[in-house]
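Read through the structure below, which is laid out as structure tokens, and then see the notes.
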Amino acid sequence: MKKTLFFAMAAVCAMTSCNNQPQQNDTKAEAAGETQDVKIAYVEVDSIMSQYDYWKEVTKLMEQKEQNIQKTLAGKQQALQQAAANFQQGLQANKYTQQQAQSYQASIQKQAQDADALQQRLANEYQQEVVKYNKALSDSIHNYLVTFNKDKKYAMILAKQGDNILYADKSNDITDAVIKGLNKAYKGMKKETPAAKEEKKEEKK
């Protein structure tokens with residue numbers, strides 16, 4: 001389960017603006033033999049991961065969830081080990097009849113099965129949370145870029161991560177402007193933040 005959240009961020013690399021439609025005068029320009037400048041911009045994915053307030057909040061929330069899960073599973077494992085140790089000591093001291101020993105052993109096996117089932121359930125729930133938050137991240141970026149590029153200044157906005165883009169002129173880097181806009185838009189939605197929603201869930205329990 002460790003680092004599942006951080007390995008699941010590949011969905012962000014699909015970031016592009018939805019502005020690939022030609023303007024009305026494109027056909028006329030082509031007919032006249034004219035060429036138009038196609039402007040392409042890019043954003044640094046790593047910078048969004050580290051500076052977008054939404055993602056910083058989600059990362060903190062999921063790290064806490066992971067710690068809670070590990071603590072819960074560690075407690076179950078410790079209880080299981082103690083039960084097995086007690087059983088072994090009882091056997092050596094001849095404290096059990098054959099029927100009692102079989103019953104005790106079956107109980108320990110049941111505890112182990114329950115611990116495995118709990119681990120699988122918590123892992124699945126965690127993964128579902130990861131998918132949910134990654135989708136929300138991707139959606140928020142896509143939606144903001146539509147607004148950001150409403151003047152159709154850019155024909156395409158690419159996501160730059162590592163070496164997936166071999167060369168990009170720094171003048172085409174709009175990362176800072178996008179992050180600033182994302183954080184400004186996110187400020188107005190504080191009541192709907194992941195942490196706030198989690199607090200509401202806890203209050204209802």
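Keep in mind that this is a model prediction, so the values were computed, not measured. Just the heavy atoms: all of them, side chains too, but no hydrogens, waters or symmetry mates, feed the values below.
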**Prompt:** Are Asn124 and Gln128 linked by a side-chain donor-acceptor pair shorter than 3.5 Å?
**Reply:**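 Short answer, no.
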**Message:** List the residues meeting side chain to side chain donor-acceptor pair (under 3.5 Å) with Gln113, not counting sequence neighbours, and say none if there are none.
**Reply:**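 For Gln113, no residue satisfies side chain to side chain donor-acceptor pair (under 3.5 Å) once neighbours in sequence are set aside.
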**Message:** Checking Tyr52 now: which residues fulfil side chain to side chain donor-acceptor pair (under 3.5 Å) with it, not counting sequence neighbours?
**Reply:**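 Residues passing side chain to side chain donor-acceptor pair (under 3.5 Å) with Tyr52: Ser140.
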Contact check, side chains of [X] and [Y], non-hydrogen atoms, under 4.5 Å:
X: Ile40; Y: Tyr154; answer: no
X: Tyr42; Y: Met156; answer: no
X: Val58; Y: Tyr54; answer: yes
X: Met62; Y: Val130; answer: yes
X: Asp46; Y: Gln161; answer: yes

Set of side chain to side chain contact (heavy atoms under 4.5 Å, CB included) partners for [X], sequence neighbours left out:
X: Glu125; result: Arg121, Leu122
X: Thr147; result: none
X: Asp139; result: Lys135, Asn143
X: Ala83; result: Ile108, Gln111

**Message:** With salt bridge (Lys or Arg N to Asp or Glu O under 4.0 Å) as the rule and sequence neighbours excluded, what pairs involving residues 79-92 come up?
**Reply:**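 For residues 79-92: none.
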**Prompt:** What residue pairs, at least two apart or across chains, pass ring pair (Phe, Tyr, Trp, His ring centres under 6.0 Å) with a residue in residues 67-98?
**Reply:**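 Passing the test, one end in residues 67-98: Phe87-Tyr96, Phe87-Tyr104, Tyr96-Tyr104.
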**Request:** Take Lys132 and Glu129 through the salt bridge (charged side-chain N to carboxylate O under 4.0 Å, His left out) test and state the conclusion after the steps.
**Result:** CA-CA 5 Å; Lys132 178 182 71 175; Glu129 291 274 308; 3.4 Å; yes
[atom2] on [Y] to [atom1] on [X], rounded to 0.5 Å:
X: Leu80; Y: Gln109; atom1: CG; atom2: CD; value: 10.5 Å
X: Lys160; Y: Ile48; atom1: NZ; atom2: CD1; value: 13.0 Å
X: Gln88; Y: Gln105; atom1: CD; atom2: CD; value: 10.0 Å
X: Gln89; Y: Gln92; atom1: CD; atom2: CD; value: 7.5 Å
X: Glu63; Y: Lys65; atom1: CD; atom2: NZ; value: 13.0 Å

Would you check if the side chain of [X] reaches a backbone N or O of [Y] as a donor-acceptor pair within less than 3.5 Å?
X: Asn149; Y: Tyr144; value: no
X: Ser107; Y: Ser103; value: no
X: Gln119; Y: Asp116; value: no

**Request:** Scan residues 72-85 for pairs that pass side-chain hydrogen bond (donor to acceptor under 3.5 Å, both in side chains), counting only residues two or more places apart or in two chains.
**Result:**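 Qualifying pairs: Gln82-Asn86.
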**Request:** For Asp114, check salt bridge (charged side-chain N to carboxylate O under 4.0 Å, His left out) against everything at least two apart and list the hits.
**Result:**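 Salt bridge (charged side-chain N to carboxylate O under 4.0 Å, His left out) check on Asp114 returns Lys110.
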**Asked** Are Ile69 and Leu118 joined in one hydrophobic group, where the rule is that I, L, V, M, F, W and Y side chains link up if heavy atoms are under 4.5 Å apart?
**Response**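 Yes, Ile69 connects to Leu118 through the hydrophobic network.
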**Prompt:** Linking I/L/V/M/F/W/Y whenever their side-chain heavy atoms sit closer than 4.5 Å, directly or via other members, would Val43 and Met49 fall into one cluster?
**Reply:**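 Yes; tracing contacts between hydrophobic side chains, which count when under 4.5 Å, links both residues.
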**Item:** Whether over 12 other heavy atoms sit under 6.0 Å from Lys95 NZ
**Value:**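 No - once you tally the heavy atoms of other residues, nucleotides and ligands closer than 6.0 Å, there are 12 at most.
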Distance-only donor-acceptor pairs under 3.5 Å for side chains of residues 169-183, two or more places apart:
unit_1, atom_1, unit_2, atom_2, d
Asp169, OD1, Ser171, N, 2.8
Asp169, OD1, Ser171, OG, 2.8
Lys170, NZ, Asp173, OD2, 2.8
Asp173, OD1, Thr175, N, 2.9
Asp173, OD1, Thr175, OG1, 2.5
Thr175, OG1, Glu44, N, 2.7
Asn183, OD1, Asp53, N, 2.7
Asn183, ND2, Gln51, O, 3.2
Asn183, ND2, Ile179, O, 3.4

**Request:** Please name the pair of heavy atoms, one in Ala159 and one in Val45, separated by the smallest distance, quoted to 0.1 Å.
**Result:**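 For Ala159 versus Val45, the nearest heavy atoms are CB-CG2, 3.7 Å.
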